[in-house]
Amino acid sequence: SDLRQMLLTQSVENIQVLPFLTTDVNNLSWLGYGCLKQDWTLIAVNAVGAALQTLYILVYLYYSPSKGPVVLRSLLLLLVLVIGYGYFTLLVGDSRTQLTQLGLFCSIFTITMYLSPLVDLAKVLRSRSTRCLSFPLTLSTFLASTSWTLYGLQLRDPYITVPNVPGIVTSAVRFWLFWRYPVGQDKAHRALHT
């Protein structure tokens, strides 16, 4: 829905790029983990996810009035990904150690991805408005983190299970914020004061 909104309005107003940048790096990292583990579910889901997130970033960049910060953040996260790839392929030789260390790396990135939308938490509480949060992103985060937690439990893979639990928790917090400060409430509140 955010992509559709950008295409319809030809702007990026009220849409944050950071959650999608971290999601793209997250997908690419999990894609590497899936390749090492030879898990076709991880490979397929994360290949599609990385392609979609890259498309989102390109559209965001196209419609963004200030391209510099978006390009800089994208390049920094890409640099982290390249350094990580170089480390795992050149310095860590044992495949079991690669899998363990990449699993930890992916877990940290997943937690970062799930926590990134909460950057606006103080803004929401100050303004008593959830306009800066995306409900579709919150819903998809909740569904994805729940699905991956269950998948990780089924595989008995703590690198998949543990980092997805914060996604469930942060989604619950954002659902509560949407309930507490509905999007239409801020307009009605301003109308009373004018």
Side-chain angles (χ1 to χ4, degrees), residues 1-6 14-57 59-60 77 80-81 84 99-125 129-185:
S1 66
D2 288 337
L3 180 61
R4 183 179 44 216
Q5 180 183 343
M6 284 190 297
N14 293 325
I15 300 173
Q16 302 293 318
V17 73
L18 185 60
F20 296 97
L21 287 170
T22 56
T23 303
D24 199 16
V25 172
N26 187 56
N27 285 134
L28 291 168
S29 299
W30 281 110
L31 179 61
Y33 183 80
C35 288
L36 274 175
K37 195 171 179 167
Q38 298 180 351
D39 183 328
W40 288 102
T41 300
L42 284 171
I43 293 169
V45 170
N46 287 291
V48 170
L52 291 173
Q53 295 303 318
T54 301
L55 173 65
Y56 175 88
I57 293 164
V59 171
Y60 189 97
L77 287 175
V80 168
L81 190 64
L99 192 63
T100 300
Q101 290 186 5
L102 185 55
L104 183 60
F105 181 80
C106 290
S107 296
I108 291 168
F109 249 98
T110 299
I111 291 169
T112 302
M113 178 194 72
Y114 286 140
L115 296 179
S116 65
L118 291 181
V119 169
D120 292 321
L121 182 63
K123 184 178 177 182
V124 170
L125 293 174
S129 171
T130 53
R131 289 181 54 129
C132 64
L133 297 179
S134 168
F135 187 81
L137 179 60
T138 301
L139 181 60
S140 63
T141 298
F142 176 75
L143 294 174
S145 58
T146 301
S147 299
W148 284 115
T149 299
L150 294 173
Y151 184 69
L153 286 170
Q154 181 183 15
L155 294 179
R156 291 184 172 91
D157 187 331
Y159 297 116
I160 297 173
T161 306
V162 172
N164 283 289
V165 173
I168 297 169
V169 173
T170 58
S171 294
V173 168
R174 286 181 279 156
F175 283 136
W176 179 81
L177 288 170
F178 280 110
W179 171 80
R180 180 74 174 99
Y181 306 116
V183 176
Q185 174 184 322

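Every heavy atom of this structure was used, including side-chain atoms; hydrogens, water molecules and symmetry mates were not.
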Inset, instruction - Could you go through the side chain to side chain contact (heavy atoms under 4.5 Å, CB included) check for L125 and Y181 one step at a time? - result: CA-CA 9 Å; L125 293 174; Y181 306 116; 4.0 Å; yes

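- No donor-acceptor pair closer than 3.5 Å links the side chain of T146 to the backbone N or O of L143.
- Between the OG1 atom of T149 and the CD atom of Q154 there is a distance of 13.0 Å, given to the nearest 0.5 Å.
- Checked against the 6.0 Å centroid threshold, F175 and F135 count as a close aromatic pair.
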Inset, instruction - Give the C-alpha distance, both sets of side-chain angles, the deciding distance and a yes or no for side chain to side chain contact (heavy atoms under 4.5 Å, CB included) between L21 and I57. - result: CA-CA 7 Å; L21 287 170; I57 293 164; 3.4 Å; yes

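- Y151 and D39 share a side-chain donor-acceptor pair at under 3.5 Å.
- Summarising the geometry of I168 relative to F142, their closest heavy-atom pair is CG2-CE1, 3.9 Å, with the distance given to 0.1 Å.
- For the 3.5 Å distance criterion, the side chains of T110 and W30 qualify, holding a donor opposite an acceptor.
- Remark: D157 engages K37 in a salt bridge (Lys or Arg N to Asp or Glu O under 4.0 Å) (not counting sequence neighbours).
- Note that CG of L31 is 6.0 Å distant from CG of N46, once rounded to the nearest 0.5 Å.
- Here the straight-line distance linking atom CG of L36 with atom CD1 of I43 works out to 9.5 Å at 0.5 Å rounding.
- Residue I160 holds its CD1 atom at 10.0 Å from CG of L153, rounded to the nearest 0.5 Å.
- Panel note: side chain T141, backbone S171; no donor-acceptor pair is recorded below 3.5 Å.
- Side-chain atoms of S145 do not come within 3.5 Å of backbone N or O of V165 as any donor-acceptor pair.
- Applying the side chain to side chain contact (heavy atoms under 4.5 Å, CB included) test to T23 and every residue at least two apart in sequence or in another chain returns N27, Q53, M113.
- Interatomic distance, CG of L150 versus OG1 of T161, reported as 9.0 Å (0.5 Å rounding).
- Between L102 and Y33, the shortest heavy-atom contact is CD2-N, 3.4 Å.
- Of the possible polar contacts, none joining the S29 side chain to the C106 backbone as a donor-acceptor pair under 3.5 Å is found.
- Tested against F109, the residues L77, L104, L81 include a single side-chain contact (heavy atoms from CB on, under 4.5 Å) partner, L77.
- In this structure, CG on L55 lies 15.0 Å from OH on Y60, to the nearest 0.5 angstrom.
- Across P158 and P163, no two heavy atoms sit closer than the pair O-CD, 3.5 Å.
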Inset, instruction - Begin from the C-alpha positions of S107 and V162 and carry the test side chain to side chain contact (heavy atoms under 4.5 Å, CB included) through to its verdict. - result: CA-CA 8 Å; S107 296; V162 172; over 6 Å; no

